[in-house]
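Structure record follows, encoded as structure tokens.
This is a predicted model, so every value here is computed, not measured. Below, chain A is the first sequence line, B the second, and so on; all start at residue 1. In what follows, every heavy atom counts, from backbone to side chain, and hydrogens, waters and symmetry copies are set aside.
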There are 2 protein chains.
Amino acid sequence: MKNQKIDRRVKYTRMVIKEAFIDLLEKKDISEITIKEICENADINRATFYAHYNDQYDLLRKIEDEFLDNIKEYLDMLDNIRDYHGEPGRKSKQADHVLLAEKIFEYIKENAKLCKLLLSERGGLHFQKKVMKLVYDPIISELTKNSGVTKDEAEYVYSFTITGCVGFVQKWLDDDMKKSTHYMAETVIKLTMGLIDLLKGK
Amino acid sequence: MKNQKIDRRVKYTRMVIKEAFIDLLEKKDISEITIKEICENADINRATFYAHYNDQYDLLRKIEDEFLDNIKEYLDMLDNIRDYHGEPGRKSKQADHVLLAEKIFEYIKENAKLCKLLLSERGGLHFQKKVMKLVYDPIISELTKNSGVTKDEAEYVYSFTITGCVGFVQKWLDDDMKKSTHYMAETVIKLTMGLIDLLKGK
DNA sequence: ACGATTTGTCAACACAATGTTTATTATCAA
DNA sequence: TTGATAATAAACATTGTGTTGACAAATCGT
């Protein structure tokens, strides 16, 4: 049910479409990009585009979904490594979270070009929140469990935190990722924990 | 230089265009809205639209600018009232901030229809940050002054906070503003101050 | 290596929205 | 009331859209 083998021609077509689209997206807003333009840059027929996508927005959504899948896969990989080398209780929970967050920042740095498009101002906030939720949900849920905080109360602070992380990452990307991934990870965990402590100690 | 009197016909035209556009924006995404459609709903000629705006996006930008101006005006008004009734030192700074924030949430509630469009997921994050900066800059700058925090260090936390506020307000709007404005104000100030304290106590 | 299948190409198509222009009419400010 | 300004209506070339059907090329399973 997962990977039915995809025809090489299809792979190629989708690849060049995405590349051409991303190139265009670096120069102008999605609303100014036409299908015709994408096809010319990708050197494929316009009818071929319509065999794969409905329009620019559908294409972007599928690129976003792919990005989400890649992040998921990356997180799973990290989990497996952690299980394998598992040294329970050696390090503090906090240090563990920082390490995980640091890995994520490294992932973003390695995929800077795409991340700049999808996660910076150009991308949609809804998608960005999805990414942050994917990444920070395990962290936040663990940090909040056994804290006696009501779900309803927590949700507003949670919204604040998730969206805050988006802005935090955007700032980093806009800044050309000058701060170290370690600094970013340490700070974001500090901020997140700080907010949770505020919630607990109310 | 401010208010040259505007022809009544122009006022009317711009009004019906905005109304028609906002109605459409409640039903579908801006990318699906055509100029033709706006003009039909506004019952004006298409050439007239082009006499005022370049396209949908230009129109939206001008609506956003107008919204920003209104917020500014509202903030100035609050400042004047505060000066007039000024009771220096009576209440704590914190209580003062909460009151100001509460007023803002009341303003949002009173303009719920437009705010839902501009500040919720549908709107652009860049604009939303602008609004939040306008509102929280005075608060944050006062809270951070004399704290010995470096600008560079503060900027990342500042980005986190501003964007966090966006998500916080969106959550409220998505939730149909069930929580009281007082609760929202108190919480947002608590969170903001909490983050600043983290910055100070590093 | 084969044949069947799938995919991409090409040209053509009707259609719709765009942005601009012109002459004409209606409305405004003074 | 009058001169100025704004909105209208109709027309126009242009451009992108989305779809179609015949054809060629590449791919896959065997």
Polar atom pairs (N or O), protein with nucleotides 16-19 of chain C, under 3.5 Å:
| unit_1 | atom_1 | unit_2 | atom_2 | d |
| --- | --- | --- | --- | --- |
| C/dA17 | OP2 | B/K36 | NZ | 2.9 |
| C/dT18 | OP1 | B/I35 | N | 3.2 |
| C/dT18 | OP2 | B/I35 | N | 3.4 |
| C/dT18 | OP2 | B/K36 | N | 3.2 |
| C/dG19 | OP2 | B/Y50 | OH | 3.0 |
| C/dG19 | N7 | B/R46 | NH1 | 2.8 |
| C/dG19 | O6 | B/R46 | NH2 | 3.0 |

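- In this structure, B/Q56 and B/F49 approach most closely via the heavy-atom pair N-CZ, 4.5 Å.
- Residues B/E32 and B/K27 are not paired through a salt bridge, judged by the lack of any N-O separation under 4.0 Å between the basic side chain and the carboxylate.
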I'd like to know whether B/E102 forms a side-chain hydrogen bond (donor to acceptor under 3.5 Å, both in side chains) with B/H182, so could you lay out the CA-CA distance, the side-chain angles of the two residues, the decisive distance to 0.1 Å, and finally the verdict. CA-CA 6 Å; B/E102 194 171 341; B/H182 182 70; 3.0 Å; yes
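- The pair A/E40-A/R46 does not meet the salt-bridge criterion, since no charged nitrogen lies less than 4.0 angstrom from a carboxylate oxygen.
- Legend: salt bridge (charged side-chain N to carboxylate O under 4.0 Å, His left out) pairs involving residues 167-178 of chain A, not counting sequence neighbours, sorted by first then second residue: A/K116-A/D176, A/K171-A/D175, A/K171-B/E155.
- Residues passing the salt bridge (Lys or Arg N to Asp or Glu O under 4.0 Å) test with A/K109: none are found, sequence neighbours excluded.
- Contact between A/V98 and A/A185 at its shortest, heavy atoms only, is O-CB, 3.5 Å.
- Among residues at least two apart or in separate chains, there is no ring-ring contact (aromatic ring centres under 6.0 Å, His included) pair with a member in residues 22-45 of chain B.
- Along DNA chain D, read 5' to 3', the first and last nucleotides having any atom under 4.0 Å from a heavy atom of chain A are D/dG16 to D/dC28.
- If you check every strand for non-hydrogen atoms under 4.0 Å, B/A51 touches nothing.
- With sequence neighbours left out, the salt bridge (Lys or Arg N to Asp or Glu O under 4.0 Å) criterion links A/E26 to no other residue.
- A salt bridge links A/K113 to A/D23: one of the charged nitrogens lies within less than 4.0 Å of a carboxylate oxygen.
- The phosphate of C/dG8 (OP1 or OP2) has a side-chain N or O of A/H52 nearer than 4.0 angstrom.
- Annotation: salt bridge (Lys or Arg N to Asp or Glu O under 4.0 Å) contacts of A/R9 (sequence neighbours excluded): A/D7.
- For the helix from C/dG3-D/dC28 to C/dA30-D/dT1, the rotation axes defined at the first and last 5 base pairs enclose an angle of 50°, given to the nearest 10°.
- Residue pairs meeting the salt bridge (charged side-chain N to carboxylate O under 4.0 Å, His left out) criterion with at least one partner in residues 54-64 of chain A, sequence neighbours excluded, are A/D58-A/R61, A/D58-A/K62, A/R61-A/D65.
- Classification of the A/F160-B/F168 ring pair by plane angle, with boundaries at 30° and 60°, yields perpendicular.
- Taking atom CG on A/D43 and atom C1' on C/dC10, their separation rounds to 13 Å, with Å as the unit.
- Ionic pairing of B/R14 and B/E66 is not present here: no N-O contact between side-chain nitrogen and carboxylate oxygen is shorter than 4.0 angstrom.
- In this structure B/K133 satisfies the salt bridge (Lys or Arg N to Asp or Glu O under 4.0 Å) test with no other residue, sequence neighbours excluded.
- Residues of residues 10-17 of chain A that place a heavy atom closer than 4.0 Å to DNA chain C, in numerical order, are A/V10, A/T13.
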Give me, pair by pair, the N or O atoms of the protein and of nucleotides 27-30 of chain C that are less than 3.5 Å apart, along with how far apart they are.
| unit_1 | atom_1 | unit_2 | atom_2 | d |
| --- | --- | --- | --- | --- |
| C/dT27 | O2 | B/R9 | NH1 | 2.8 |
| C/dA29 | OP1 | B/R8 | NE | 3.3 |
| C/dA29 | OP2 | B/R8 | NE | 3.1 |
| C/dA29 | OP2 | B/R8 | NH2 | 2.4 |

